[in-house]
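Down below is the structure, laid out as structure tokens.
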Amino acid sequence: MERRYIEAKTKCFDKIYSFLNDRQREALKTVRGPLLVVAGAGSGKTTVLVNRIANIIRYGTGYESKNIPFDLSEGNIAELEMASRLPSEQLEKYMAKYAENPCPAWAVMCITFTNKAANEMKERLVKVIGEEAEEIWAGTFHNICMRILRRHPVEAGLENGFTIYDTDDQKKLVTSIIRDFNLDDKRYAPKAVINKISKAKESLMTPEEFEKEFSKELYEKNIAKIYKEYSKRLEAANAVDFDDIIVRTVRLLEKDEEIRGYYQRRFKYVCIDEYQDTNKAQFMLAVLLSGHYRNIMVVGDDDQSIYRFRGATIENILNFDKVFDDARVVKLEQNYRSTANIIETANHLIAHNRGRREKNLWTAKEDGDKVLVKQLNDQAEEARFIADSILDSTVKNGTKFSDHAILYRVNAQSNSLEGVFAKSGIPYRILGGTRFYERKEIKDIVAYLCLVSSTQDNLRLKRIINEPKRKIGDATVEAVERLAEMEGVSMFDIIQNADRYTALGRVAEKLRAFADIINTLRGIAETETLSELVEKTIDISGYRNMLVLQGEAAEDRLQNVEELISNAVAFEESHEEATLAQFLEEAALVADIDNYDETADAVVMMTIHSAKGLEFDNVYLPGLEEGLFPSFQSIGEQAELEEERRLCYVAITRARKKLCATYVKSRLMYGQTQYNQPSRFLKELPEDRCALEELQRRESVASGYSYNQKRSAVSAFTREVKRPVSAAPKSPASTEKLSVGDEVKHIKFGHGIILSVTDMSGDYLYEVMFDNFGTKKLMATFAKLTKI
DNA sequence: CACGCTCTGCCTGCG
DNA sequence: GCAGAGCGTG
């Protein structure tokens with residue numbers, strides 16, 4: 001009887017979740033204990049995550065439980081057996097009585113990496129379980145940690161109302177420390193130093209520990225010194241950097257038993273998405289938070305770990321079941337996204353990596369088109385080829401522009417693409433580049449607001465005291481800084497009472513004027529709404545006036561500043577009690593307003609990194625060349641090369657139907673022409689799934705892929721740059737711009753007349769009508785045209 | 001103190 | 001090829 005009961009109950013639950021495959025369902029019903037879900041690309045991991053949480057909230061452990069009700073009767077079983085025939089929706093309600101320990105939404109935590117992912121997660125949860133989903137602690141690591149830190153700032157070693165320093169602020173702080181220590185900022189490049197400090201923090205290393213571990217070499221000793229001072233100054237400014245947000249939370253939970261106990265008991269279930277991207281600090285946080293119930297679920301794909309350079313330790317996912325020795329591991333290997341050709345291409349490539357979990361992604365879909373690998377002469381031709389191909393696809397197959405994505409290794413590649421696309425009339429959108437809150441004008445206004453929020457904020461004060469120009473120079477700022485240090489007060493205090501200090505002399509008046517601006521704004525902050533404050537900040541600071549005076553040149557910046565006001569209005573609408581502090585926190589932590597408008601019908605261009613998690617019918621991968629992809633920095637380093645390969649794997653698996661990789665013979669990099677070999681990754685693709693289109697006659701060998709070795713052996717491995725003259729002789733014409741109507745001579749095509757000239761990022765595209773060869777389009781650099 | 005010129009260095013990037 | 005930093009001059 002017991003067995004029949006369990007069977008009937010399981011059957012009902014199975015039916016509710018019949019839209020999942022067996023593996024997905026297994027992951028969903030494994031509710032208790034540590035669980036690792038290895039989710040291959042396109043295997044429906046978000047669906048599993050969302051429905052698993054819904055299952056926990058609705059039915060608790062009911063699905064997997066083998067408990068038998070003490071009053072079990074034949075009648076119960078018969079009813080259950082009947083219930084399995086109910087339509088899904090009714091069955092869902094009916095099964096509520098078989099819930100065991102259903103979990104309130106507020107006891108579930110779900111951590112993601114990006115705000116975008118967090119929002120998507122929340123939206124989908126609301127759809128599945130309704131408004132209750134709002135109670136779930138779903139957010140990014142930083143968002144969750146901030147919630148904890150804001151509740152216990154003092155216990156975490158901070159003061160109430162602490163501020164967040166972003167990368168820019170960090171850099172300023174480190175630069176000033178390097179200067180104060182009289183260190184050479186070439187040898188101690190701020191960026192590199194910040195990286196070192198960040199790495200240390202990510203692996204939970206204190207300045208003291210860092211010092212102990214690295215004290216042999218002078219260089220490292222100095223880094224340790226900077227790290228120590230940096231921490232000191234952050235603390236003095238009552239500020240945290242991004243890493244601190246997590247590190248301080250970990251420390252807080254480690255040392256404060258009461259607080260730890262509270263959160264451990266509060267959160268019965270902890271889920272972490274994109275686990276392959278976590279670092280040690282984030283791992284510790286997860287361990288601490290889930291320490292009581294041990295119901296920790298992590299989802300990730302080691303093959304898609306592409307942020308090692310940012311401190312992620314792939315070991316977290318590789319070793320999860322060693323750290324939690326009772327962990328269940330479920331692999332999701334069925335891909336619902338791509339054709340078989342694409343999946344097999346991806347599989348074949350990634351198999352070249354060593355450090356990975358064995359996994360075989362498969363699909364029930366048909367083979368589809370072969371993966372096209374196309375060689376072109378240069379980047380302009382590459383861009384034109386892609387543009388033509390997209391045009392062809394939209395015209396012939398009636399696809400939308402937005403079904404096409406171009407994914408590249410580095411942002412700089414967008415230039416040549418943009419040049420061609422802008423002229424082709426194909427609508428396109430470039431994602432990435434500077435984000436909204438990182439734009440100078442926005443950071444400036446935000447700095448004003450920071451100062452309004454807290455006059456202690458010396459760093460932000462320094463940023464804007466002379467922006468717009470108020471004739472307050474470096475010398476004055478330094479004097480103020482020294483005075484503030486001597487008296488142990490903030491720079492703003494000094495400025496407010498500037499006339500008292502003879503050292504400040506004649507500039508005192510200007511300083512007072514600046515203090516007046518801030519004080520006026522502080523008054524406004526108390527009486528008026530947030531958006532009004534933002535608006536008046538822009539006016540009273542003189543910032544708007546400055547931009548208006550700059551006219552056309554500052555048009556974009558003016559627009560951005562206006563947009564900030566809109567953001568403030570939107571913030572007010574979504575937050576009942578919109579405070580300045582909250583708004584500033586959001587500005588610091590919420591990366592971008594809106595990544596991209598998916599409804600706009602435009603070709604999307606972005607780096608592969610930012611394409612993670614997205615998918616498109618047609619994907620183009622330009623620049624598959626040694627030195628570019630894999631990048632020359634990674635060549636020779638096994639671990640880094642494997643990361644590049646994973647990156648390529650991510651790129652391939654973005655495509656649903658068509659995939660096209662291109663590489664060129666010569667590419668303009670850093671203003672010089674480079675001749676790179678085709679990427680080694682191309683040689684790692686399965687021949688039978690790909691179609692190779694090389695240029696010209698091929699000196700091909702039977703093996704299928706072979707490349708023009710003689711020419712490309714030059715630069716790829718040595719980063720040696722061949723002088724353009726020797727390989728691609730620049731004709732005199734390339735230095736002298738030709739105009740329409742000019743008569744020219746070409747080395748091969750003979751006499752002709754220029755029909756049109758198109759400016760293309762530093763080069764010119766000539767349309768030439770030749771007497772004997774018809775009309776040709778030629779790039780100035782390569783055309784070998786001579787004016788007659 | 002502000003502006004303009006020269007020099008340098010260059011990947012990917014969430015919060 | 002371009003942007004940001006640093007330096008020199010008005």
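Here the structure is a predicted model, which is why all the values come from computation and not from measurement. Naming: A, B, ... by sequence-line order, numbering from 1 per chain.
- Put simply, A/R435 has a side-chain N or O that comes within less than 4.0 Å of OP1 or OP2 on B/dC14.
- Computed from coordinates, the A/Q170 CD to B/dG15 P distance equals 16 Å when rounded to whole Å.
- With sequence neighbours left out, the ring-ring contact (aromatic ring centres under 6.0 Å, His included) criterion links A/F283 to no other residue.
- The distance from atom CD1 of A/I194 to atom P of B/dG13 is 17 Å, rounded to the nearest whole Å.
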Which is it for A/D303 and A/R646 under the salt bridge (Lys or Arg N to Asp or Glu O under 4.0 Å) test, yes or no, and what are the steps along the way?
CA-CA 6 Å; A/D303 288 336; A/R646 290 194 294 269; over 6 Å; no
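- Near-neighbour residues of DNA chain B inside residues 462-474 of chain A, defined by a heavy atom below 4.0 Å, number-ordered: A/N466, A/K469, A/K471, A/I472, A/G473, A/D474.
- Between A/R308 atom CZ and B/dG13 atom C1' the separation is 15 Å, expressed in whole Å.
- If you find the closest nucleotide of DNA chain B to A/A475 and to A/H609, the one lying nearer the 5' end belongs to A/A475.
- Rounded to whole Å, the distance from CG on A/D243 to P on B/dG13 is 18 Å.
- Around CG of A/D184, the count of heavy atoms belonging to other residues, nucleotides or ligands within 6.0 Å exceeds 12.
- Under a 3.5 Å cut-off, the side chain of A/H142 and the backbone N or O of A/L589 do not form any donor-acceptor pair.
- When distances are taken from the side chain of A/N411 to each of B/dC11, C/dA5, B/dG13, the shortest belongs to B/dG13.
- Under the 4.0 Å criterion applied to side-chain N and carboxylate O atoms, A/D301 and A/K45 are not assigned as salt-bridge partners.
- When heavy atoms are screened at a 4.0 angstrom cut-off, A/K186 is found touching the sugar-phosphate backbone but no base atom.
- Residue-level contact check: A/T167 touches the bases, meaning some heavy atom is under 4.0 Å from a base atom.
- Atom-to-atom, CD of A/E478 to P of B/dC1 comes out at 10 Å; the value is rounded to the nearest Å.
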Would you sort out whether A/Q276 and A/E274 count as a side-chain hydrogen bond (donor to acceptor under 3.5 Å, both in side chains), showing the intermediate values?
CA-CA 5 Å; A/Q276 75 281 356; A/E274 305 280 12; 2.7 Å; yes
Between A/L584 and A/V446, does a side chain to side chain contact (heavy atoms under 4.5 Å, CB included) hold up when you go through it step by step?
CA-CA 7 Å; A/L584 290 174; A/V446 168; 3.9 Å; yes
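- Taking the ring centre of A/F162 as origin, the terminal cationic atom of A/R150 falls inside the region bounded by 6.0 Å and 45° from the ring axis.
- When distances are taken from the side chain of A/R310 to each of B/dT12, B/dG13, C/dG1, the shortest belongs to B/dG13.
- For the pair A/L407 and A/R654, the minimum side-chain heavy-atom distance is below 4.5 Å.
- Listed nucleotides: B/dC11, B/dG13, B/dC1. Nearest to the side chain of A/T476: B/dC1.
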DNA chain B in dot-bracket form (Watson-Crick or G-U pairs under 3.5 Å, [ ] crossing, | inter-strand) is ||||||||||.....
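- Stacking of A/F309 onto the six-membered ring of B/dT12 is present: less than 5.5 angstrom between centres, less than 30° between planes.
- Between the CD atom of A/Q674 and the P atom of C/dG1 there is a distance of 13 Å, given to the nearest Å.
- Which of B/dC14, B/dG15, B/dT12 sits closest to the side chain of A/N115 comes down to B/dG15.
- Between the CG atom of A/D273 and the P atom of B/dG15 there is a distance of 13 Å, rounded to whole Å.
- Distance A/Y670 OH to B/dG9 P: 13 Å, rounded to the nearest Å.
- Considering only the side chain of A/T114, B/dC14 comes nearest among B/dC14, C/dG6, C/dG1.
- Using a cutoff of 4.0 Å between basic side-chain nitrogens and carboxylate oxygens, A/D168 and A/K440 are not scored as salt-bridged.
- The 5' end of DNA chain B is approached more closely, in terms of each residue's nearest nucleotide, by A/K510 than by the other of A/K510 and A/F113.
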